[in-house]
Colleague: 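Below you will find the structure I want to go over with you.
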Number of protein chains: 2
Amino acid sequence: MPAAAAPGTTAGTAGTSSADSAGASKSVRRRAGRPSAALLDQAGITAAALELIGRKGYDGLTMAALARQLDVAPSALYNHVASKRDVLLLVEDHLAALVDVSGFGAGSWEDAVRTWAWSYRDVFAQHTPLIPVIAVLPVTDAPQTLAMYETVSGGFLAAGLPEERIVSAIVALESFIFGSAYDVTAPADIFDAGSMAGATPHFTAAVRSLAARGDERPADVAFGLGLEALITGLGALRR
Amino acid sequence: MPAAAAPGTTAGTAGTSSADSAGASKSVRRRAGRPSAALLDQAGITAAALELIGRKGYDGLTMAALARQLDVAPSALYNHVASKRDVLLLVEDHLAALVDVSGFGAGSWEDAVRTWAWSYRDVFAQHTPLIPVIAVLPVTDAPQTLAMYETVSGGFLAAGLPEERIVSAIVALESFIFGSAYDVTAPADIFDAGSMAGATPHFTAAVRSLAARGDERPADVAFGLGLEALITGLGALRR
DNA sequence: CTTATAAATGAATGCCATTCATTTAGTGAT
DNA sequence: ATCACTAAATGAATGGCATTCATTTATAAG
């Protein structure tokens, strides 16, 4: 857990072990009506969603399952979120706080970017179904994500990148990170050409010679290779 | 299991220009039973799916809509594809053939990569819902995609990249391309911090100064920046 | 002529997100 | 105290979705 960022606002609730409201499985039958204390809130929904995702994966994350996890009727969720997409947004923003931006302001710019990029990829490799959501997500709707951008922007500016290229540089890195996150989840034999191998000699040979020197995970090798290239190339913009 | 199946008898029809069977909207009521010539085949299904995607987007691509487009009952589709995922695979492989690999073997390696990467991104920017599918797709199931890899591998080898790094280099570029494809579809105001702008001075300033010099599309600027960095970095591996 | 089969039908099935009328328990004002 | 208001729950629809299955039938093969 890289920790870090976790900007002030919601830090109070976020700090508590997220399991509490998630695990509530009292089988006590409740009647409709306003309870003494609200059963649901966004923090509880987020925690329950994460718990569910961890146990059953994203296929298991249905509004019905989420409601059951919280011992509540599915329709009750809609008092606190407008849609399932909203739930995914809550989860996404929670995860953004786990990305390690501690390197910015500490060591070299290169090392800070390395730490950030690897942890960013690692976090979202476990949550690839969120990537299509993030990609189109206005930052306004995700405060933790926005906080991450602020820290990274500050680090880039301090390192001497021209202000007008900072967003482009971040976007380029992020695009690479998201694409690479998918890569982590790919099956090991994804490049096995099978019966078509005869028709693709160059590619088949390349796949074989990669596999031959295989201690490190292929996805990690590719990520390291691309990341170092990006760091060098983007670093050259500094003045 | 996709590919294989393709009942031999009807293979002849598969070779025909795929557009014909897509537009078939005869309202003639048919009875159950084997028709004189098969109404459906994978080429026709692919063409109809592309037509539908172009007209209604991926939300409009349902098995029911696809069947209607082909003037057939939804269940009939399952004689030719095992699942909706299979339909997406057919579409993906069709698109792979549109990617421009003509640069390999022609000009410089750098230019070939540029042409390939830009066209690859452009094709899939229109089809981002396919990206999660491609990412986990064994190449065996996608002959056109495999053919693309073969051409690119050959180009990389000819340019002097060590064989054991070719796959990693391609994966790194592809990851960047997929991530960047999402970027193209993002709304223009995605980085507008709105009410949070006060709390994020560096980021907000960076966004503003990017917008200030804005003739080119932001997604294109970021893609160009990252791509040139990758080309330089990966090119340095040549011997 | 018989038989096997590919390829269609349409009627389920089960899952899903979401909506809605309804109920109820607190809160705050009079 | 009483009353009205409202937040937050319920459970019963609703409509859409992919997929399955028993059934039908034209055709090709033997």
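Naming convention: chains lettered A, B, ... in sequence-line order (proteins, then strands); numbering from 1 in each chain.
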Colleague: For A/Arg85 and C/dC16, give me the distance from atom CZ to atom C1', rounded to whole Å.
Modeller: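 Answer to the nearest Å: 18 Å.
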Colleague: Please report, rounded to the nearest Å, how far the P atom of D/dT20 is from the NZ atom of B/Lys84.
Modeller: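 Computing the B/Lys84:NZ to D/dT20:P distance gives 15 Å.
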Colleague: Rounding to a whole Å, what distance do you find between A/Leu40:CG and D/dT10:P?
Modeller: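 To the nearest whole Å, that distance equals 8 Å.
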Colleague: Examine the base of D/dA7 for any acceptor or donor lying under 3.5 Å from a partner atom in the side chain of A/Asn79, and report the outcome as yes or no.
Modeller: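 No.
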Colleague: Tell me: CG of B/Asp41 to P of C/dA6, nearest whole Å?
Modeller: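 That distance rounds to 16 Å.
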Colleague: Just to be sure I understand the rule, does A/Ser75 reach a base, reach only the sugar-phosphate, or reach nothing, if contact means heavy atoms closer than 4.0 Å?
Modeller: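 The residue A/Ser75 makes base contact.
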Colleague: Return the value, rounded to whole Å, for the distance between atom CD1 of A/Ile45 and atom P of D/dA8.
Modeller: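 Between P of D/dA8 and CD1 of A/Ile45: 11 Å.
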Colleague: Can you tell which of C/dT19, D/dA9, C/dA8 lies closest to the side chain of A/Tyr78?
Modeller: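 From the listed options, C/dT19 comes nearest.
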Colleague: How many Å lie between CG on A/Asp71 and P on D/dA8, as a whole number?
Modeller: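 Rounded to whole Å, this separation is 18 Å.
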Colleague: Tell me whether the OP1 or OP2 atom of C/dA8 has a side-chain N or O from B/His80 closer than 4.0 Å.
Modeller: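 Yes, because at least one side-chain N or O of B/His80 sits under 4.0 Å from OP1 or OP2 of C/dA8.
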Colleague: Measure from the side chain of A/Thr62, starting at C-beta and using heavy atoms only, and say which of C/dC16, C/dT18, D/dT19 lies closest.
Modeller: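 Nucleotide nearest to A/Thr62's side chain: C/dC16.
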Colleague: Could you verify whether a donor N or O on one side chain and an acceptor N or O on the other, from A/Asp100 and A/Thr115, lie under 3.5 Å apart?
Modeller: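 Per modelled atom types, A/Asp100 and A/Thr115 side chains form no pair under 3.5 Å.
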Colleague: Quick one: A/Asp86 CG to C/dT18 P, roughly how many Å, whole number?
Modeller: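 Between P of C/dT18 and CG of A/Asp86: 9 Å.
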Colleague: Between A/Tyr58 and A/His127, do the side chains contain a donor N or O and an acceptor N or O under 3.5 Å apart?
Modeller: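 On atom types as modelled, these side chains qualify, holding a pair under 3.5 Å.
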Colleague: Could you check whether the rings of A/Tyr182 and B/Tyr182 sit parallel, tilted or perpendicular, using 30° and 60° as the cut-offs?
Modeller: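 Taking B/Tyr182 first and then A/Tyr182, their aromatic rings lie parallel (interplane angle under 30°).
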Colleague: What integer distance in Å separates A/Met63:CE from C/dT19:C1'?
Modeller: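 Value for this atom pair: 12 Å.
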Colleague: Using a distance-only test with no angle check, is there a side-chain donor-acceptor pair under 3.5 angstrom linking A/His202 and B/Glu150?
Modeller: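 Their side chains do contain a donor-acceptor pair, which is all the 3.5 Å distance test asks for.
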